[in-house]
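Since the structure comes first, as structure tokens, the remarks are kept for the end.
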Protein chains: 2
Amino acid sequence: MAVTIKEVAKKAGVSPSTVSRVIANHPRISEETSKRVREIMDELGYHPNIMAKSLVSRTTRTIGVVLPRPAEELLLNFFFYELIRGVLAQLTRSGYDLLMAGGTNEQEELETVTRLVRSGRVDGLLLLYSRASDPVIHLLRQEKMPFVLLGRSLDYEDVPSVDNDNVQAAYDATKHLIAQGQRRIGFVSGPTKLAMTQDRMAGYTKALSEAGLPFKEGWVVEGEFLLESGYRAMASIMSQPEPPTALVIIDDVVAFGVLKGLTELGYRIPQDVAIVSFNNIALTELTMPPITSVDVGTYQLGYTASQMVLRMIQQVEITARQIIPHRLVVRESSLRTLSLT
Amino acid sequence: MAVTIKEVAKKAGVSPSTVSRVIANHPRISEETSKRVREIMDELGYHPNIMAKSLVSRTTRTIGVVLPRPAEELLLNFFFYELIRGVLAQLTRSGYDLLMAGGTNEQEELETVTRLVRSGRVDGLLLLYSRASDPVIHLLRQEKMPFVLLGRSLDYEDVPSVDNDNVQAAYDATKHLIAQGQRRIGFVSGPTKLAMTQDRMAGYTKALSEAGLPFKEGWVVEGEFLLESGYRAMASIMSQPEPPTALVIIDDVVAFGVLKGLTELGYRIPQDVAIVSFNNIALTELTMPPITSVDVGTYQLGYTASQMVLRMIQQVEITARQIIPHRLVVRESSLRTLSLT
DNA sequence: TGGCACAATGTAAACGGATACTTTTGTGCA
DNA sequence: TGCACAAAAGTATCCGTTTACATTGTGCCA
């Protein structure tokens, strides 16, 4: 059906190996032959059969992307597309393809990854999560399959990963509130088993203590990456005897819930309560007021993660942990200057 | 490196072909042999090499998903993840893999798809857009490669596609507003070259005329799927001498912009202006007020589209155009009963 | 002018698995 | 006991490429 190297060879009056060498830019092929063969390849619309190529080269030029299990996916939901764009841009540039996989539970996921690795389906993997102590990670290390985590792992410091400096990001966000004159600052947190949550928490407390501001237990509430979570966390924090006048919020979606809850309770943002959050998804500028958020460079995360796996495949030395710069995007929700108090 | 069929055969004391037949569940293999071979496969952690298998079977068990070009991607942004989950669920169930591809411009995209098709990389394709008169579609038809569009194509009625009944969806949404007592209803539209836009427009006008309500030029504004677009469209509509008291909005993201604009201008939602929109992305319930939106069954769209390609590959007869049911999710933004007028 | 180096190309054997065709083994029956 | 015939398994070839090794051809030098 499809055009093969043999048909090209026949039409060009050369042997299949010559055609193969033309494709590979082998030095010992004469200009003349090369040109003629290329013409015929174009004429016949020849494209090398990747399966055959892979079989002999033992490489697939394919990177697998493993989605998190549905239970952990919520964070990803809103920047998945941009992330994939970044991944795809890098892979396309390097002539690699992207295979997407995932399972609905731990076992299914492990089976899928095992199959991809053992059947020689991919040359490397990108794990879109940073779950601690994971059987998938064990497997990949054992099989010596190059892989990169999105977000650092709590358990393995030496596993290659791309991440933001979340400590610094939260530090910056909190500092920004302090610079606006805020003294009572709370923190709406995420699941504490995630490195991201721990890091942002650390940045928050660091900024507080440096500024000599109080850290109060009741001002910090752990939530999840769910729509209602922010709402509940906010209610808990604001019901304290002396509630904070500013909140650092672990994620934009949670911030949406907080914002809504605060508004419903009659708080004015930012006059009564100022907020900053993280990830800078598109809709943060469409809320009322627009939300100040830390842009984490989603596209760049995807782009760099792919670059890392590719480097690992090419046996190039890499830094085990690559940091993507963040940027605080200041919007109305955190600006004290608007306040008349 | 990896375990091959030969190693399994050797260890089991049979020939490679026997092992191959065990894998394929060939009828003429004795229970006993089959069991022994399977045990050894497990023991060695054998997984068939997909490349070798593909080479001889001339099939890849892989479906390609082609992303829209960045310029047209905005709509997709917020439900991409759910869509992919649907696709992946169906493919995994059927033992297929998902290859993701896309280009930054028309030529790049065509080259990518050509390569996937000609090099035998995929057995079928899913196009996540429904651009009219597309060179990619021409190519796929010519190469007899099974493919399914997401959303119907304006130019080719007979191209397989999954879609909502957008006429009916917009009709339902508009009717809902009418049932709430609305008489002056405007429409914030999208790019008219899209079938989706045309269909929703048609449903809107149909509902109006059935109810004997006026259709006014100035009440209908074409926008784009951009954040600011809704804002501008709203401004234009509301500056009419006699502005509408309700708006049907082509998409949730646009509706966010409209909502923000209306609120800033001092309109109360839904008392002064009621709104309904489409797609029901997660954040519609977190706006103030929450937005009534038509759920289009994103997961189901992905799931069904994949099912269609798989059927085409198996030469099963399919309906060229598959309709996914929609569902109006009523929230505060459209409820007139709240009004005191 | 024979011999040699080297460039250009050809030949053939893999890569791992599927399968048409062939051989071996086993069973029932005359 | 021998034979037919079916079940079970083995042999060999092919899928489309790459590549080690072999062959051919040319020019140059002793």
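Because the structure is predicted, anything quoted here is derived from the model rather than measured.
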B:D123/B:R58 under salt bridge (charged side-chain N to carboxylate O under 4.0 Å, His left out): CA gap, chis, key distance, verdict
CA-CA 9 Å; B:D123 292 350; B:R58 294 153 170 293; over 6 Å; no
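Residues B:S57 and B:T59 bring no donor and acceptor atom of their side chains to less than 3.5 Å of each other. A:S15 and A:T18 are linked by a side-chain donor-acceptor pair at a separation below 3.5 angstrom, with hydrogens and angles left out of the test.
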Summary of protein contacts for nucleotides 6-15 of chain D, nucleotide by nucleotide, where a base hit scores B, a sugar-phosphate-only hit scores S (4.0 Å, heavy atoms):
-SSSBB---B
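Protein atom CD1 of A:I5 is 12 Å distant from nucleotide atom C1' of D:dT19, rounded to whole Å. Following rounding to the nearest Å, A:K53 (NZ) and D:dT17 (P) show an atom-to-atom distance of 9 Å. Summarising the geometry, the separation between CZ on A:R121 and P on C:dG16 is reported as 17 Å, rounded to the nearest angstrom. The nearest whole Å value for the distance from the NE2 atom in B:H47 to the P atom in C:dG17 is 12 Å. The separation between B:N25 atom CG and C:dA18 atom C1' is 15 Å, rounded to whole Å. For the pair A:H26 NE2 and D:dC21 P, the interatomic distance rounds to 14 Å; values are reported in whole Å. For the pair B:M51 CE and C:dG17 C1', the computed distance is 13 Å after rounding to whole Å. When the C1' atom of C:dG16 is taken as reference, atom OH of B:Y46 falls 7 Å away, rounded to whole Å.
Recorded end-axis angle for the helix from C:dT1-D:dA30 to C:dA30-D:dT1 stands at 70°, based on five pairs per end and rounded to 10 degrees.
For the side-chain hydrogen bond (donor to acceptor under 3.5 Å, both in side chains) test, residues two or more places apart in sequence or in another chain that qualify with A:T33 are A:S30. For B:F80, the ring pair (Phe, Tyr, Trp, His ring centres under 6.0 Å) partners at least two apart in sequence or on another chain are A:F80, A:Y81.
Note that CG of A:L91 is 12.0 Å distant from CE of B:M100, once rounded to the nearest 0.5 Å.
Ion pairing between a basic and an acidic side chain is recognised when a charged N comes within 4.0 Å of a carboxylate O; A:R121 and B:D97 show such pairing.
Residue pairs meeting the salt bridge (charged side-chain N to carboxylate O under 4.0 Å, His left out) criterion with at least one member in residues 310-322 of chain A, sequence neighbours excluded, are A:D163-A:R321. Evaluation of the salt bridge (charged side-chain N to carboxylate O under 4.0 Å, His left out) test over residues 38-54 of chain A, restricted to residues two or more places apart or in two chains, returns A:K11-A:E43, A:K35-A:E39.
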